[in-house]
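One structure is given below, encoded as structure tokens.
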Amino acid sequence: MNQGPGLYFDIGKKARDVLHKDYCQQTPIHFNYRFFNWNLDLSCEEELVHGLKGLFACNIPDSGKLELRHLSRFSGFSASIGLLGDAEKGYSPVANLSGLIGTRILSLGANLAYDISATRTTNSLNAGLSLNTPYLVASVTLHDYFQTLKGCCYFEVNPLTKTAIAAEVKYDLADDETTGVTIGAQHALFPWTLLKARLSSNCRVGALIQQKLGRKFSITVAGEVNLNEKDKEKCPKVGVYMAMK
């Protein structure tokens, strides 16, 4: 088990997993068959030498990347190159660099994504601070070239049943206003059955049930409904997610 701070993308990960992971979300580019939208995630990770890992990840047909990760006791760095899909612009080659320094309790990091196509522009520049304790995990991150502030917190109620609550707040520094609030919770009915639910300030309610079938296979059924009065006639979204690890 790594004793260091991890990687930049670990900042706020526990809260994101409760609030966003495996819900009814669709990548910008996906396959369509009648009323089904679907995509395929593939990934492979291998330790090249001690402290240095190589990762291949591909979301077909949306994106793919090759990444190198270096982890030490007080730092974590990653560098990747890949293709990022856009429904209107097509695929763009993107390089990504990120770094995180600190300890398992307190860490500070930044992330830079750069478009290496003919445009040669900076796609994103983010920074974050994370506090990680046995019971409370909190983070503050800056996005959109430091124009958006996001705060996340994760509180573990019972580790035996994976019971936890999480919250996320987005704040627009340019307009000086809160743009979104999401709260959620998870609970394992059994070691192999996980329930999650979330509610956002834009009146969207989501829930899912995830069933593990053996050690390496799981199936998730997720749904989301918009309670906004203007969207009453919209049908609830339902999705199925299968994973093999």
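Just so it is clear, the structure is predicted and the values come from calculations on it, not from any experiment.
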Margin query: Under the criterion side-chain contact (heavy atoms from CB on, under 4.5 Å), I'd like the reasoning laid out for Y171 against T148: C-alpha separation, chi angles, the key distance, then a yes or no.
Written below: CA-CA 6 Å; Y171 188 83; T148 301; over 6 Å; no
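- In terms of heavy-atom proximity, G99 sits nearest to F77 at CA-CD2, 3.5 Å.
- Y23 contributes a side-chain N or O that, together with a main-chain N or O of A197, makes up a donor-acceptor pair within less than 3.5 Å.
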Check: How far apart are the C-alpha atoms of K53 and E47, what are their side-chain angles, what is the distance that settles it, and do they pass the salt bridge (Lys or Arg N to Asp or Glu O under 4.0 Å) test?
Finding: CA-CA 4 Å; K53 291 184 178 181; E47 185 170 16; 5.9 Å; no
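- The line from CG of L106 to OG1 of T133 is 11.5 Å long, rounded to the nearest 0.5 Å.
- Separating the OG1 atom in T141 from the CG atom in L149 is a distance of 7.0 Å, to the nearest 0.5 Å.
- Considering only heavy atoms from C-beta on, T193 comes within 4.5 Å of I209 through its side chain.
- The salt bridge (Lys or Arg N to Asp or Glu O under 4.0 Å) check on R198 picks up E224, with sequence neighbours excluded.
- Within the 4.5 Å cutoff, side-chain heavy atoms of I116 are placed close to those of I81.
- Between L84 and Y91 there is no side-chain heavy-atom pair separated by less than 4.5 Å.
- Taking OG of S98 as the reference point, atom CG of L112 lies at 9.5 Å (rounded to 0.5 Å).
- Side-chain N/O atoms of S130 and N132 include no donor and acceptor closer than 3.5 Å.
- Formation of a donor-acceptor pair under 3.5 Å by the K14 side chain with backbone atoms of A138 is not found in this model.
- When every heavy atom of P28 is checked against every heavy atom of G85, the shortest pair comes out as CB-O, 4.3 Å.
- Atoms OG and CG, on S124 and N96 in that order, are 6.5 Å from each other to the nearest 0.5 Å.
- In this structure a side-chain-to-backbone donor-acceptor pair under 3.5 Å is missing from D144 to F146.
- Shortest non-hydrogen contact noted between V94 and A113 is CG1-CB, 4.2 Å.
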Note to self: One pair to check against side-chain contact (heavy atoms from CB on, under 4.5 Å): N228 and N202. What are the steps and the verdict?
What the structure shows: CA-CA 7 Å; N228 195 316; N202 60 0; over 6 Å; no
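- Test E156, Q186, H187 against T163 for side-chain hydrogen bond (donor to acceptor under 3.5 Å, both in side chains) and you get one pass: H187.
- Side-chain contact between E168 and K150 is present, with heavy atoms from C-beta onward closer than 4.5 Å.
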Next item on the list: Please test T178 against V169 for side-chain contact (heavy atoms from CB on, under 4.5 Å), starting from the C-alpha separation and ending with a verdict.
Entry: CA-CA 7 Å; T178 301; V169 179; 4.0 Å; yes
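- In this structure the side chain of N126 never reaches within 4.5 angstrom of the side chain of L142, judged on heavy atoms.
- Contact of the L100 side chain with the L7 side chain is not registered, since no non-hydrogen atoms from C-beta on lie closer than 4.5 Å.
- Using a distance-only test at 3.5 Å, with no hydrogens or angles considered, no donor-acceptor pair links the side chain of D175 to the main chain of E177.
- Residues L131 and V137 fail the side-chain proximity criterion, which asks for heavy atoms closer than 4.5 Å.
- Using a 3.5 Å distance cut-off with no hydrogens or angles, the side chains of S72 and H70 do not pair a donor with an acceptor.
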Margin query: side-chain contact (heavy atoms from CB on, under 4.5 Å), that's the test. Do F9 and S78 meet it? Break it down for me.
Written below: CA-CA 10 Å; F9 300 104; S78 69; 4.2 Å; yes
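- Contact detail for Y135 and F155: the closest heavy-atom pair is O-CD1, 3.3 Å.
- For the residue pair G54 and L68, the shortest heavy atom distance occurs at CA-CD2, 4.2 Å.
- Here CD1 of I11 is found 5.0 Å from OG of S107. Values are rounded to the nearest 0.5 Å.
- A donor-acceptor pair under 3.5 Å is absent between the side-chain atoms of H20 and the main chain of D17, judged by distance alone.
- Linking ILVMFWY side-chain heavy atoms closer than 4.5 Å, directly or via other members, places L42 and W38 in a single hydrophobic cluster.
- Inspection of the S218 and Q210 side chains reveals no N or O donor paired with an N or O acceptor under 3.5 Å.
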Side-chain donor/acceptor pairs under 3.5 Å, residues 60-67, sequence neighbours excluded:
unit_1, atom_1, unit_2, atom_2, d
D62, OD1, I29, N, 3.4
K65, NZ, E67, OE1, 3.0
E67, OE2, R69, NE, 3.1

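- Atoms SG and CG, from C58 and L40 in turn, are 8.0 Å apart once rounded to the nearest 0.5 Å.
- Residues Y145 and L173 share a hydrophobic cluster, clusters being chains of Ile/Leu/Val/Met/Phe/Trp/Tyr side chains in contact below 4.5 Å.
- Across every non-hydrogen atom of P5 and G76, the tightest pair is CG-N, 4.4 Å.
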Notebook entry, point to check: Under the ring-ring contact (aromatic ring centres under 6.0 Å, His included) criterion, do F190 and W192 qualify, and how do the steps go?
Noted result: CA-CA 5 Å; F190 308 101; W192 54 86; 5.6 Å; yes
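- With a 4.5 Å cut-off on side-chain heavy atoms, V205 and L227 count as touching.
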